[in-house]
Amino acid sequence: MARILITSALPYINGIKHLGNLVGSQLPADLFARYMRQRGHEVMFICATDEHGTPAELAAAKTGEEVADYCARMHGEQAELADGFRLSFDHYGRSSSDQNRALTQHFAGKLADNGFIQEVSEKQVYSNADGRFLPDRYIEGTCPNCGYDRARGDQCENCTKQLDPTDLIDPRSAISGSTDLEVRETKHLYLRQSAMKDEIDQWIDSQKGWPVLTTSIAKKWLHDGDGLQDRGITRDLKWGVPVKKGGDDWPGMEGKVFYVWFDAPIEYIAATAEWADANGKTDADWERWWRTDKGADDVRYVQFMGKDNVPFHTLSFPATIMGSREPWKLVDYIKSFNYLNYDGGQFSTSQGRGVFMDQALAILPADYWRWWLLSHAPENSDSEFTWENFQASVNKDLADVLGNFVSRVTKFCRSKFGEVVPDGGAFGAQEDALIAELTTRIRAYEEHMEAMEVRKAAGELRAIWVAGNEYLQSAEPWAKFKTDPEAAAAVIRLSLNLIRVYAVLSRPFIPDASAALMEALKTGDDSWPDDVAAALSALPVGHEFTVPDVTFRKITDDERVEWEAKFAGGRD
RNA sequence: GGGCCUGUAGCUCAAUUGGUUAGAGCAGAGCGCUCAUAACGCUUUGGUUGGGGGUUCGAGUCCCUCCGGGCCUACCA
């Protein structure tokens with residue numbers, strides 16, 4: 001039994017996430033966590049909302065709430081949706097927690113002690129009307145290069161030229177539109193990543209088998225231009241972790257907070273501490289996951305994230321941990337994903353384009369989404385959601401191949417033998433062949449799941465479902481029943497057991513359907529089919545069951561058309 | 001501008017990292033079955049691997065070039 005620490009990238013607090021966000025981190029992380037638990041490993045699966053930063057403040061201002069209230073409310077909503085999608089976090093924390101505040105300040109203090117923090121004085125744009133410093137991209141104006149009048153302070157979206165906010169002609173606040181801006185001097189802390197460049201580089205080099213996506217992004221940042229740059233880790237905001245050196249004040253940093261990307265990854269650790277506190281555990285209980293001097297040296301730590309998060313997880317967060325010179329656990333494997341697009345374009349939170357988590361659950365149960373998203377996970381390149389593809393995949397895979405198999409077996413049994421595992425007959429060559437095929441396929445499925453090859457695992461699982469239909473077709477219990485009812489009974493006995501095996505194998509992908517099947521079979525035996533032949537006799541002769549309701553219904557053409565129109569853009 | 005990824009059947013994707021005749025699923029066509037959610041099974045059509053050039057005994061895979069798609073580019077998170 002191994003110990004596996006799994007973290008999913010933290011969803012940002014300012015609104016409900018869309019399916020692209022879901023499939024990029026939380027959902028595959030959940031698949032892996034569920035599988036590993038099922039195989040008997042000790043799993044700690046951690047996620048949290050990422051609550052600090054300018055966008056959270058602005059979102060709260062828009063609703064008229066205090067930012068803390070806004071975050072608390074949105075955390076509740078996101079947690080409820082995570083539950084709706086059956087994301088099996090051991091703890092769903094909040095980066096605004098006391099635990100994260102203390103840990104973030106602790107790390108900053110250690111980094112300062114070890115000479116990895118530098119104070120830098122810089123000039124930044126301050127908006128008098130908004131009463132705040134403005135991040136570059138929150139300043140708009142006319143591009144000096146192409147004349148586009150809505151260029152942002154970091155880059156012109158029209159001509160793609162990189163800009164400095166002071167380059168803009170007629171600059172204004174993107175928040176209020178105010179032109180009452182001034183450049184002010186302000187002091188910030190920088191994390192001296194450049195001083196740890198070689199250390200990080202060697203660490204990346206020592207990792208084997210990481211996705212190309214992960215290492216290529218890390219290498220780019222390490223070696224591009226002058227190499228890894230130092231990064232500002234403080235901001236002039238009210239909402240965030242106050243800048244402190246451990247428990248002490250930090251002279252000159254009064255009123256400033258840490259940059260969200262500094263405190264957000266630390267929340268992985270802090271959320272585990274939150275888990276301990278919430279469950280009456282001790283510090284030792286969470287430290288054994290994170291401190292290599294306190295039991296975490298045998299932990300395997302896997303992170304899941306979209307590609308936009310990779311630089312922070314391969315560089316900044318490792319730099320934070322390494323620079324502390326304390327024995328914190330570094331990540332062992334980073335599984336990164338490309339983007340899921342929506343029907344020819346991108347999902348867009350701002351334009352309300354695409355399907356959002358709450359909307360998805362309002363029209364279909366979680367398993368439909370889980371299956372489609374995971375079986376089409378953007379592992380090698382960006383992938384695309386279309387309603388036509390969604391309808392076809394769900395109807396074929398879930399309703400026809402899996403659901404209908406359950407239906408034909410249970411209903412045939414009920415009509416011929418009653419709702420009970422029938423006695424009589426014996427297994428022969430066909431059954432041996434099926435067991436051999438299933439054994440091969442289940443071993444392949446296990447390998448793909450271990451390797452986090454999500455699409456391949458889904459494909460293998462589907463093939464396992466298909467094998468049941470092939471077997472039934474060739475075994476023809478309906479024909480056998482006419483001449484040799486006991487032979488038909490043997491076929492059905494095996495097939496009923498196969499449903500249990502399917503429920504067990506499919507659980508990481510479709511947990512609700514899996515639970516429904518187990519309930520219909522009136523069994524709590526969720527043992528993994530290490531020995532397929534044995535697994536196919538787990539439900540003994542005489543064991544009662546009930547014919548389940550339709551496991552997966554089909555999506556109709558009318559629904560598809562309706563949803564296509566409804567989600568084309570303009571969320572209410 | 002720079003960097004990375006990507007382009008394979010109508011669609012969604014594979015191809016053991018340079019090795020026989022490029023494979024699956026869906027869609028299409030034909031046949032079979034009748035237990036089942038008009039479901040299932042079998043067979044089958046379909047590809048000059050974006051174009052061109054090169055290296056090699058051998059290229060989807062490596063190199064060059066052109067064309068198309070995407071992402072990142074450090075103050076959004």
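For A:K220, whose side chain is taken as the heavy atoms from C-beta onward, the closest listed nucleotide among B:C33, B:C75, B:G3 is B:G3. With B:A77, B:A15, B:C40 as the candidates, the nucleotide lying closest to the side chain of A:K456 is B:A15.
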I'd like a table of atom pairs between the protein and nucleotides 44-46 of chain B - only N or O on both sides, under 3.5 Å - with the distance next to each one.
none

Any N/O pairs under 3.5 Å between the protein and nucleotides 5-9 of chain B? List them or say none.
none

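Partners of A:T186 under the side chain to side chain donor-acceptor pair (under 3.5 Å) rule, at least two apart in sequence or in another chain, are A:D236, A:K256. For A:R132, the salt bridge (Lys or Arg N to Asp or Glu O under 4.0 Å) partners two or more places apart in sequence, or in a different chain, are A:E57. Every side chain to side chain donor-acceptor pair (under 3.5 Å) that A:N338 has, sequence neighbours left out, goes to A:K307. Checked against side-chain contact (heavy atoms from CB on, under 4.5 Å), A:T214 has the following partners two or more places apart in sequence or in another chain: A:W210, A:P211, A:V310, A:T314, A:I334, A:S336. Scored by the side-chain contact (heavy atoms from CB on, under 4.5 Å) test, A:F312 finds A:R231, A:W261, A:S316 as partners (sequence neighbours excluded). Under the side chain to side chain donor-acceptor pair (under 3.5 Å) criterion, A:E51 pairs with A:T49, A:R94, A:S96, sequence neighbours left out. Contacts of A:W239 classified as side chain to side chain donor-acceptor pair (under 3.5 Å), with partners at least two apart in sequence or in another chain: none. Residues passing the salt bridge (Lys or Arg N to Asp or Glu O under 4.0 Å) test with A:E559 are A:R553, sequence neighbours excluded.
Under a cutoff of 6.0 Å and an axis angle of 45°, A:R235 and A:Y259 form a cation-pi pair.
Within residues 475-497 of chain A, the residues that have a heavy atom under 4.0 Å from RNA chain B are, in order of number, A:W478. For RNA chain B, the neighbouring residues in residues 392-416 of chain A, judged by any heavy atom under 4.0 Å, are A:K396, A:A399, A:D400, A:G403, A:N404, A:S407, A:R408, A:K411, A:F412.
The CG-C1' distance, from A:L374 to B:G25, rounds to 17 Å in whole Å. In this structure, CD of A:E453 is placed 12 Å from P of B:U16, rounded to the nearest angstrom.
Under 3.5 Å, the side chain of A:W221 and the base of B:A74 form no donor-acceptor pair of N or O atoms. Taking only distance into account, the side chain of A:E122 meets the base of B:C75 through a donor-acceptor pair shorter than 3.5 Å.
Checked against the 6.0 Å centroid criterion, the rings of A:F405 and A:Y471 do not qualify as a close aromatic pair. In this structure, A:Y268 has its ring center closer than 6.0 angstrom to the ring center of A:H313.
With respect to the salt-bridge test (charged N to carboxylate O, under 4.0 angstrom), the residues A:R101 and A:D263 do not qualify.
Across all strands shown, A:Q229 has heavy atoms under 4.0 Å from base atoms, whether or not it also approaches the sugar-phosphate. Nucleic acid contact for A:V550: base, since at least one base atom lies under 4.0 Å from a heavy atom of the residue.
Using cut-offs of 30° and 60° for the angle between ring planes, the A:W372 and A:H376 rings count as parallel.
For the P atoms, the distance linking B:G69 with B:A15 amounts to 25 Å, nearest Å.
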